2 protein chains.
Amino acid sequence: MATLADVARHAGVSTATASRIINGSSKPVADALRTRVLAAVAELKYVPNAHAQMLARSHRSAVGVIVHDVSDPYFAEITRGLQRVATADGRLVIICNSFREPDRELEYIDLLHAHQVAAIVIAGSGYLDPATAARLDDRLRAFEATGGRIAVIGRHEHTGDAVLPDNEQGGFLAGEHLFTLGHTEIAVIAGPSYLTTTADRLKGLQRAAKKYGIKLPKKRVYHADFTRDGGEDLATRVLAEEPEVTAIAALNDSMAVGALAALRTSADRRVAVIGFDDMPIARDVTPSLTSVRLPLTELGERAMTLALGAAGESPRVEHVEAELVVRESTWPHEAR
Amino acid sequence: MATLADVARHAGVSTATASRIINGSSKPVADALRTRVLAAVAELKYVPNAHAQMLARSHRSAVGVIVHDVSDPYFAEITRGLQRVATADGRLVIICNSFREPDRELEYIDLLHAHQVAAIVIAGSGYLDPATAARLDDRLRAFEATGGRIAVIGRHEHTGDAVLPDNEQGGFLAGEHLFTLGHTEIAVIAGPSYLTTTADRLKGLQRAAKKYGIKLPKKRVYHADFTRDGGEDLATRVLAEEPEVTAIAALNDSMAVGALAALRTSADRRVAVIGFDDMPIARDVTPSLTSVRLPLTELGERAMTLALGAAGESPRVEHVEAELVVRESTWPHEAR
DNA sequence: ACGCTTGAGGTAAGCGCTTTCCTAGACCGT
DNA sequence: ACGGTCTAGGAAAGCGCTTACCTCAAGCGT
């Protein structure tokens with residue numbers, strides 16, 4: 001492993017000069033030396049040690065991103081936005097998958113902290129459990145105390161810079177759509193109950209139910225894990241257990257796609273399905289999926305912009321509206 | 001920013017002792033000191049500086065991953081496998097998106113090299129252009145020369161540890177399927193022509209054409225960028241320009257899904273479509289997509305396993321078979 | 001011709017940590 | 001009681017780099 005000292009020796013200069021030439025310092029250097037040093041770099045295939053550099057110039061540049069799971073299209077879209085902004089700013093992005101485990105999240109915060117990242121962006125639902133939320137907040141504060149910047153996406157329990165999609169309003173839109181279409185017996189396919197995203201979307205749904213005088217009993221709310229297969233299983237159960245149901249509200253598109261699959265295998269039931277997030281697949285399934293659109297890439301872009309911006313005095317919070325996108329998977333309730 | 005020295009001072013011990021306690025060194029330490037140091041760590045919210053640690057113990061642990069684009073489901077699946085193995089081994093994974101630009105790839109190799117990663121895994125098609133391939137190889141060799149490990153997925157131009165999906169054979173399977181169904185006039189929706197993946201899959205298709213005595217002229221091969229929208233555009237053009245065509249072979253599933261969308265809007269044409277990769281969506285589109293399955297997650301797992309394994313003498317190359325998965329989007333050719 | 005400025009390049013002090021080696025008590029045997 | 005062996009803990013030497021500061025020589029004005 002060639003070091004700066006090797007290069008300097010090879011070129012017959014001091015490490016100071018070599019460093020200056022390699023980093024394009026403003027200090028003027030004779031052309032002869034410059035050429036010699038650059039030749040030495042090429043010959044020795046010298047690559048500077050990033051750790052030593054970071055240490056010496058105690059200057060933070062990389063940014064960390066913690067998401068539940070990048071291979072989930074929801075987070076993939078957000079991550080795309082995050083990366084676009086960060087890369088445009090010339091930053092290295094370190095992506096960590098928490099797999100929805102708070103402990104792993106905690107671990108990653110410390111890891112990113114240890115790696116001296118300039119900022120951490122956390123995307124994905126927060127945790128309803130106050131103890132868990134507090135523990136996370138504590139680590140986040142410790143990171144902030146050392147000058148790190150933090151931005152969260154969709155975690156209103158964190159008081160700091162945040163981009164908040166309006167999940168409650170989105171839930172309301174979904175419910176309103178179904179209820180104005182005349183559906184009175186609906187089932188909900190929800191995500192894990194310990195996530196705030198689930199709770200918020202559900203809350204909006206219930207507000208709509210109240211407004212339209214519809215009862216939405218607890219037993220009609222099924223919980224899975226926000227995956228396609230989870231949605232399929234739940235929808236299968238709904239079809240078996242609830243002959244009255246004429247519409248299913250899935251709390252994300254993956255599960256809605258699963259529900260559609262379940263529906264396909266039971267030709268005798270015609271059940272409307274609405275999703276949430278409006279992921280790219282929504283257009284391509286059949287029937288195409290009615291959904292509540294969240295501008296995922298934009299969410300990522302805005303969060304990274306906050307994180308990289310100068311530290312403001314008051315925490316900046318940006319709210320992002322949800323929007324109903326009607327396609328073919330919902331229709332008016334038909335009397336039997 | 002609390003440092004080890006702060007902790008040591010706070011606890012009234014030397015940095016050596018503090019370090020030993022914090023890292024659980026094997027050297028025995030009095031319980032009283034241990035308690036004091038741990039208390040100081042908690043009170044000062046001390047988080048060790050990873051760069052200083054790396055520097056001091058010049059011991060590589062993180063691994064780097066370079067993919068074309070994580071938010072592309074193809075790479076998302078591979079990445080999932082990569083991460084599973086790496087995380088199980090307690091490694092930090094740094095993911096870099098090259099966006100199919102060789103220069104960015106070059107940059108990332110050096111960046112990962114600079115960050116002293118233990119290994120680099122590169123997934124995704126290689127570049128047909130020999131100059132580009134050579135430049136990349138050169139940087140890779142430099143990294144290897146310093147003791148770094150490298151594993152590639154699907155880049156047979158690199159002579160080192162590799163996991164190679166058999167794209168040529170997959171292309172053959174796709175062609176054979178279409179031709180045995182009686183289709184003689186087919187169009188191909190291919191990816192960028194400078195990628196080896198495109199070239200290999202095409203080569204297999206042509207081998208099948210030859211075997212079944214079908215002509216597959218150049219003008220029937222359309223090139224896009226492996227995205228869904230690219231596939232839709234191309235399929236639209238095919239439908240407009242080629243009234244003879246009864247089947248389309250898309251060289252990946254994203255483009256196949258786009259083709260399906262194009263087909264949906266022109267009800268008068270019944271054209272069979274075959275995809276490639278068998279991504280999760282393939283089941284959920286209508287008609288469900290016939291595809292050539294590549295075990296993407298497994299590809300990732302095997303590559304990371306190679307990368308983390310001990311450096312072997314001879315480069316280890318693992319071949320992975322492609323497999324035809326027949327669904328609803330292909331059918332026998334019907335006489336008009 | 002002298003002192004001074006200027007500018008090119010080198011010296012060396014860290015950045016925060018790990019780890020080797022060393023020191024100084026504690027404890028043992030005789 | 002004394003030398004010898006352990007052992008817990010500290011001193012300090014790096015890891016590879018950046019950069020503030022210093023040196024030395026050339027160039028300038030008067």
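In this text, all values refer to a predicted model and were calculated from it rather than measured experimentally. Computed over heavy atoms, backbone and side chain alike; hydrogens, waters and symmetry mates excluded. Protein chains get the first letters and strands the later ones, always in sequence-line order, with residue 1 at the start of each.
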Using atom [atom1] of [X] as one end and atom [atom2] of [N] as the other, report the distance to the nearest whole Å.
{"X": "B/His115", "N": "D/dC17", "atom1": "NE2", "atom2": "P", "answer": "13 Å"}
{"X": "B/Asp6", "N": "C/dC17", "atom1": "CG", "atom2": "C1'", "answer": "13 Å"}
{"X": "B/Arg9", "N": "C/dG16", "atom1": "CZ", "atom2": "C1'", "answer": "12 Å"}
{"X": "B/His59", "N": "C/dT19", "atom1": "NE2", "atom2": "P", "answer": "10 Å"}
{"X": "B/Ile22", "N": "C/dC17", "atom1": "CD1", "atom2": "P", "answer": "8 Å"}
{"X": "A/Met1", "N": "D/dG16", "atom1": "CE", "atom2": "C1'", "answer": "10 Å"}
{"X": "A/Gln116", "N": "C/dC15", "atom1": "CD", "atom2": "C1'", "answer": "10 Å"}
{"X": "B/Leu55", "N": "C/dG14", "atom1": "CG", "atom2": "P", "answer": "17 Å"}

Exercise. Got B/Val152 and B/Val121 here, is their nearest side-chain heavy-atom distance under 4.5 Å?
Worked result: no
Exercise. Within a strict 4.5 Å, meaning less than it, do heavy atoms of the A/Arg36 and A/Leu33 side chains meet?
Worked result: yes
Exercise. For A/Gln116 and B/His51, what are the C-alpha separation, side-chain angles and deciding distance, and is it a side-chain contact (heavy atoms from CB on, under 4.5 Å)?
Worked result: CA-CA 8 Å; A/Gln116 312 294 108; B/His51 297 302; 3.4 Å; yes
Exercise. Any idea how A/His113 and A/Phe143 line up, ring-wise: parallel (<30°), tilted (30 to 60°), or perpendicular (>60°)?
Worked result: perpendicular
Exercise. Counting only N and O atoms by type, is there a donor-acceptor contact under 3.5 Å from the side chain of B/Ser125 to the main-chain atoms of B/Thr197?
Worked result: yes
Where the side chain of [X] is defined as all heavy atoms beyond and including C-beta, which of [options] is the nearest nucleotide?
{"X": "A/Pro48", "options": "D/dC17, D/dA8, D/dA11", "result": "D/dC17"}
{"X": "B/Ala56", "options": "C/dA8, C/dC17, C/dG9", "result": "C/dC17"}
{"X": "B/Ser14", "options": "C/dG9, D/dG10, C/dT18", "result": "D/dG10"}
{"X": "A/Ala16", "options": "C/dG16, D/dT19, C/dA8", "result": "D/dT19"}
{"X": "A/Leu33", "options": "C/dC17, D/dA11, C/dG9", "result": "C/dG9"}
{"X": "B/Thr15", "options": "D/dT18, C/dT18, D/dC15", "result": "C/dT18"}
{"X": "B/Thr17", "options": "C/dG9, D/dG10, D/dT18", "result": "D/dG10"}
{"X": "B/Arg57", "options": "C/dA8, C/dT19, D/dT18", "result": "C/dT19"}
{"X": "A/Thr3", "options": "C/dG9, C/dC15, D/dC17", "result": "D/dC17"}
{"X": "B/Lys27", "options": "C/dA8, C/dG16, C/dC22", "result": "C/dC22"}

Exercise. Going by an N to O cut-off under 4.0 Å, is there a salt bridge joining B/Arg84 and B/Glu77?
Worked result: no
Any [X] side-chain N or O less than 4.0 Å from OP1/OP2 of [N]:
{"X": "B/Asn23", "N": "C/dT18", "result": "yes"}
{"X": "B/Ser19", "N": "C/dT18", "result": "yes"}
{"X": "B/Gln53", "N": "C/dT18", "result": "yes"}

Seminar exercise, completed: Taking for B/Ala52 and for B/Pro28 the nucleotide of DNA chain D with the nearest heavy atom, the one nearer the 5' end belongs to B/Pro28
Exercise. Given that B/Asn49 and B/Arg20 both sit by DNA chain C, which one's nearest nucleotide is further toward the 5' end?
Worked result: B/Asn49
